Amino acid sequence: MLVVKKFGGTSVGNRDRIFNVANRCVEEYRRGNDVVVVLSAMGKYTDVLIEMAKEINENPPKREMDMLLTTGEQQSVALMAMAMASLGVPAVSLNAFQVAMHTTSVYSNARLKRIDAERIRAELEQRKIVIVTGFQGVNKYDDYTTLGRGGSDTTAVALAAALHADKCEIFTDVDGVYTADPRKVPTARKLDFVTYDEMLELATLGAGVLHNRSVELAKKYGVQLVVRSSLDMSEGTIVKGGHKMEKMIVSGVAADTDAARVAVIGLKDEPGVAFKLFNELAKKNINIDMILQSVGRHGTKDITFTCGDEAADEAEKIISEKMEFESIDVNKDVAKVSIVGAGMQSNAGVAAKMFEALYDANINIRMISTSEIRVTVLIDEKEAERAMNAIHDKFDLGDHR
Ligand code: ASP
Ligand code: MG
């Protein structure tokens, strides 16, 4: 059996934790399995590197930024290989260049295009544990790229797909996927399994457990994931296709405080305006989330949308340069709160129940958007935690033990 195991920063944050991971991998190896390990940078080291860069240059060139950030993962894989060697187990660390993980050219937000599996296979053939840097790739200019914050999950799933692994385990500092973030909602309950679609919505909405592109990839290639704790032996949450056995209408509540609302007032009410606006933003790689267009009046209309906090300033600048309008308003003190559940598709009244929970808690809704298995509201950021708890209670998602 071939197993891909991914460990996040906390799981390799210090010497003891590195040996804890090494031992877990060696155990798997001694059962006769092929083991590929994907690691993040130690602890919050990626943040440390970002700080270092900012001390030199407030606005560092993106290529150089990736050159710097990829060193974090290179440290952790090398140290892990040394730990395994000291345990008497043959191991080899490989970076994105050595594996050959090809990505698109966009620095800091590259996408994996193709992975050459030969080197890894050759090392496994010699009964080595192969330890691969997460988060990084190489583009067509032979430059390092990174996959976006939290991207090591995506590296792991892509490797599992490329190697046709039998198992892909994502080890983290929580023991699985919860109905809500347990730090914010004390009654949150661990889920035994979620579907790809639910996980995708939850990941995108800031549930924080998995990089959303890793779930997209897992779904595309049918890689079954297990999210579990690196610190204990609990079973974790399985992420897979198919339908839910337990007829849960709502599986989870998520909040994302990295949201900003941009309202553009008094745009011309004529064809092509929305296209022009969002096309200008797309050219600068600004990801838009919710969109609302008002009914036109006196030949003008308003368009309101949400994006990440950081993107909002850039969006404001681009719009001011490229568009004709009366005024623009940016509000970063907003948060998205969402409910997700595959069972929603076949049940009426789910959105109404969520809105009722917010009404009961006297929380004002500023925007609403939905998908087949999700309802999202935009509210004031300071209300986010209270909203999550109110909704979680309303749908009775908690642990009753
Ligand atoms: N080290 C990178 C980050 O902190 C990638 C990861 O941890 O997945 O974002
Ligand atoms: Mg992560």
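Order of appearance sets the numbers: ligands from 1, and atoms from 1 within every ligand. For clarity, every value in this text was computed on a predicted model and none was experimentally measured. Just so you know, residue 1 is the first one in the sequence shown, and it goes up from there.
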Does any donor atom in the side chain of Asp197 or Thr195 lie under 3.5 Å from an acceptor atom in the other side chain? no
Nearest non-hydrogen atom to atom 8 (O) of ligand 1 belongs to which of Ser152, Ser214, Gly148? Ser152
Can an N or O of Asp153 be found at a distance shorter than 3.5 Å from an N or O of ligand 1? no
If you draw a 6.0 Å radius around CE in Met323, do more than 12 non-hydrogen atoms from other residues or ligands fall strictly inside? yes
Pick out which of Lys332, Lys336, Arg386, Arg366 makes a salt bridge (Lys or Arg N to Asp or Glu O under 4.0 Å) with Asp380. Arg366
Ligand-side contact atoms (ligand 1) for residue partner Gly150, heavy atom cut-off under 4.0 Å: 3 (C), 5 (C), 6 (C), 8 (O), 9 (O)
Arg149 heavy atoms, cut-off 4.0 Å: which ligand 1 atoms fall inside? 3 (C), 4 (O), 9 (O)
Non-hydrogen atom of Glu73 closer than 4.0 Å to ligand 1: yes
So, 4.0 Å and heavy atoms of Gly8: is ligand 1 close enough to count as a contact? no
Any N or O of Lys6 that comes nearer than 3.5 Å to an N or O of ligand 1? no
Assign the ring pair Phe278 / Phe305 to parallel, tilted or perpendicular, where the plane angle (0 to 90°) is split at 30° and 60°. perpendicular
Between Glu201 and Ser338, is there a side-chain donor-acceptor contact under 3.5 Å, judged purely by atom types and distance? no
Glu28 bridged to Lys5 by N-O distance under 4.0 Å: yes
Can a non-hydrogen atom of Gly72 be found less than 4.0 Å from any atom of ligand 1? no
